[in-house]
2 protein chains.
Amino acid sequence: MVRPPKAAPRPMRADAQKNYENLLAVARTLVAQQGADASLRDLARKAGVGLGTLYRHFPTREALLETLLRAEWDELGAKARTFETASAPDDALVSWLRELVAGARIYRGVVESMMAALADKKSALHASCAAMRAAGARLLSRAQAEGTARTDIDGTDLFALVGALAWIGDHAALEPRAEHLFDVVVSSLFVRDAERVRRKQPR
Amino acid sequence: MVRPPKAAPRPMRADAQKNYENLLAVARTLVAQQGADASLRDLARKAGVGLGTLYRHFPTREALLETLLRAEWDELGAKARTFETASAPDDALVSWLRELVAGARIYRGVVESMMAALADKKSALHASCAAMRAAGARLLSRAQAEGTARTDIDGTDLFALVGALAWIGDHAALEPRAEHLFDVVVSSLFVRDAERVRRKQPR
DNA sequence: ACCTGAACACCGTTCAAGT
DNA sequence: ACCTGAACACCGTTCAAGT
C-alpha cells in the first residue's frame, strides 16, 4: 500500500543525477554537524551548486531530511518486526525504543521536524513518522496485552517520551546522563512487579 | 551573596524609563505568542522604538528573557522554600517539579535558553538557572535521605527531566497528554514501595 | 530538462549621527 | 544620556534568463 510517490522514476539526466548525489553527500555531513536547521544556502554553496538546483531536487527542507532519514528508518522498521517475533514483549519494546531514540539523535533537532511532520499530513516526512509511531504502538500493545506495560499510555505518549529523551540527548551537557535517564524514564512504562499478572515463564 | 549587578541603580532618564517599560510590556506578549526566539526587530518595531534602543536596554536576548523571567523565578524559589518546610519530602519534590515545569512552559522554547545559560557562566540567565537547579537538588536529596526517591539521580538529571517534560508541553500535539506524562515520568523518580525504607508515618 | 544567480523580504548586530 | 536608522552580513524562497 505504501509505495514511492513516483511509480516509474524515469532516470535523471546525467548532470542532474550527479548534482543530486553530491547534494545528498554534502547534506549528510552538514546536517550531522549543524543539525536539522543547517543553512540551505550553505549546503548549495558547499555542494558547488546553484540555489535553484537545491530547490529543484528538494523542494522543501523536509524533503531533504526525508531522503536523509529514509534508510535509517527503513532499518528501524525492520528492527521493529524482528523484535516483535524474536523477543519477549517487554524486552522488544525497550530494545526498539533504544534504537529509535538513538536514531532520532543522529541529527540534532530532527525530533522537532518529526513533530511538525506528524501534525502536517502533506509533509514529506509524514508517512515515515506515522509508520514509526504505529510500529511503537504495536510493540506497546503487545507488552500491555502481556501485562508488563502499563495500560494508561498509548502510541502518541510513547512518541512524546521518545522526543523528550531525544531532546535530552541533543544537549551536550546532558548527554553523559542520557543513557541512564533513558533507563529511568523507560522503567516508568512498566507496571510494578507486585501488580504484574502472573506469567508462565518467570524471568 | 547573590545581588543585583548594579548595587546602586541610578534612576533612568524619564524617556529611557518609559521606553524600557514599554519594551518589557510588548516583549511579554510577543514572547508569549511567538516563543523565546521571537524577532527582536519586530519587538522594537511594535514597541515603537529604534533598534539601538532595544539593544541599549537589553544587550542580549538573554538579558531580556532574564528580566521577563525574574519575577516568575523569584516566586519559584520562594515556593521551593515553602515546600521544603511544609510538606513531606516526596510531596514537596513533586509539587515543586510541577510548578517548575509549568513555569518553564509560560514561554515556548525557554528551556532551550535555560540549557544554554547553564552552560555559559557569563550568561545573564546563568545565576537564576543555577539557583533553580540547586533548589531542585536540595528537594531531591531531602527525599533521597528519607528513602523515597531513588539515589541514582542528581540535580542535573532532575533538570534534564524538567527540560524533557517542558519539551513535551511546548508541542501543541502533545500538550493534552502533558500532565499525564508528567505523572508517568515523575513516578520513576521514586523507589518502588516494596524497596522503601520503613517510615514512622505510613501514608 | 536542467542550471544559475539576482531579487525580495526577512533576520541579528553594530555604530555614526543626531538631540 | 539617550535615541534613531542606515549599514553589514547573513537567512529562505522564487523566478527570469540562460544552456
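Heavy-atom basis, side chains included; hydrogens, waters and symmetry copies ignored.
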J.: Just N and O in the side chain of A/Asn19: are any of them under 4.0 Å from OP1 or OP2 of C/dC3?
T.: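 For C/dC3, OP1 or OP2 has a side-chain N or O of A/Asn19 closer than 4.0 Å.
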J.: The side chain of B/Asp15 lies closest to which of these nucleotides: D/dC2, D/dT13, C/dT13?
T.: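 The answer is D/dC2, which lies nearest to the side chain.
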J.: Find the distance B/Leu64:CG to C/dG12:P and express it as a whole number of Å.
T.: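 After rounding, the reported distance stands at 12 Å.
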J.: Test side chain to side chain donor-acceptor pair (under 3.5 Å) on A/Glu62 and A/Thr60; report intermediate values, then the result.
T.: CA-CA 5 Å; A/Glu62 303 215 315; A/Thr60 67; 5.5 Å; no
J.: Take the protein atom CG of A/Leu43 and the nucleotide atom P of D/dC11, then report the distance between them rounded to whole Å.
T.: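 Roughly 12 Å, once rounded to whole Å.
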J.: Expressed in angstrom and rounded to an integer, what is the separation of B/Gln17 atom CD from D/dA1 atom P?
T.: 16 Å
J.: In whole angstroms, how far is the P atom of D/dA7 from the OH atom of B/Tyr55?
T.: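 These atoms are roughly 18 Å apart.
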J.: Mind checking side-chain hydrogen bond (donor to acceptor under 3.5 Å, both in side chains) for B/Gln144 and listing every partner two or more places apart, or none if nothing turns up?
T.: none
J.: Pick the closest DNA chain D nucleotide for A/Thr60 and for B/Val49 by heavy atoms, then say which residue is nearer the 5' end.
T.: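 Mapping each residue to its closest nucleotide by heavy atoms, the 5'-most match is B/Val49.
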J.: Tell me, with the steps shown, if A/Arg177 and B/Asp157 meet salt bridge (Lys or Arg N to Asp or Glu O under 4.0 Å).
T.: CA-CA 7 Å; A/Arg177 301 290 284 172; B/Asp157 295 337; 2.5 Å; yes
J.: Scan A/Thr53 against the nucleic acid and name what it touches under 4.0 Å (heavy atoms): base, sugar-phosphate only, or nothing.
T.: base
J.: Figure out the CZ/C1' separation between B/Arg13 and D/dC3, and round it to whole Å.
T.: 8 Å
J.: May I ask you to say what A/Ala38 touches in the nucleic acid, namely base, sugar-phosphate or nothing, with a heavy-atom cut-off under 4.0 Å?
T.: sugar-phosphate
J.: Not counting sequence neighbours, which residues clear side-chain hydrogen bond (donor to acceptor under 3.5 Å, both in side chains) with A/Gln34? List them please.
T.: none
J.: Could you say whether B/Arg61 or B/Gly52 is positioned toward the 5' end of DNA chain C, judged by the nucleotide with the nearest heavy atom to each?
T.: B/Arg61
J.: Mind calculating the distance between CG (B/Asp42) and P (D/dC11) to the nearest angstrom?
T.: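 Going from CG in B/Asp42 over to P in D/dC11 covers 21 Å.
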J.: Could you state the interatomic distance from CZ (A/Arg133) to CE (A/Met114), rounded to the nearest 0.5 Å?
T.: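 That separation rounds to 10.0 Å.
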J.: If I take atom CG in residue A/Leu54 and atom P in nucleotide D/dC11, what distance separates them, rounded to the nearest angstrom?
T.: 13 Å
J.: Check the distance between C/dG12's C1' and B/Arg56's CZ and give it to me in whole angstrom.
T.: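 B/Arg56 atom CZ is separated from C/dG12 atom C1' by 19 Å.
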J.: Does OP1 or OP2 of D/dC2 have a side-chain N or O of B/His57 closer than 4.0 Å?
T.: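 No, B/His57 has no side-chain N/O under 4.0 Å of OP1/OP2 on D/dC2.
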J.: Within the 4.0 Å heavy-atom criterion, would you say B/Leu51 contacts the bases, only the backbone, or no part of the nucleic acid?
T.: base
J.: Below 4.0 angstrom from OP1 or OP2 of C/dC11, is there any side-chain N or O of B/Arg45?
T.: yes
J.: Would you call the rings of B/Phe58 and B/Tyr20 parallel, tilted or perpendicular if under 30° counts as parallel and over 60° as perpendicular?
T.: parallel
J.: Once Watson-Crick and G-U wobble pairs under 3.5 Å are found, how is DNA chain D written in dot-bracket notation, 5' to 3', with | for any base paired to another strand?
T.: ||.|||||...|||||.||
J.: Could you tell me whether the side chain of B/Val49 reaches within less than 4.5 Å of the side chain of B/Leu43, counting heavy atoms only?
T.: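 No - every pair of side-chain heavy atoms lies 4.5 Å or more apart.
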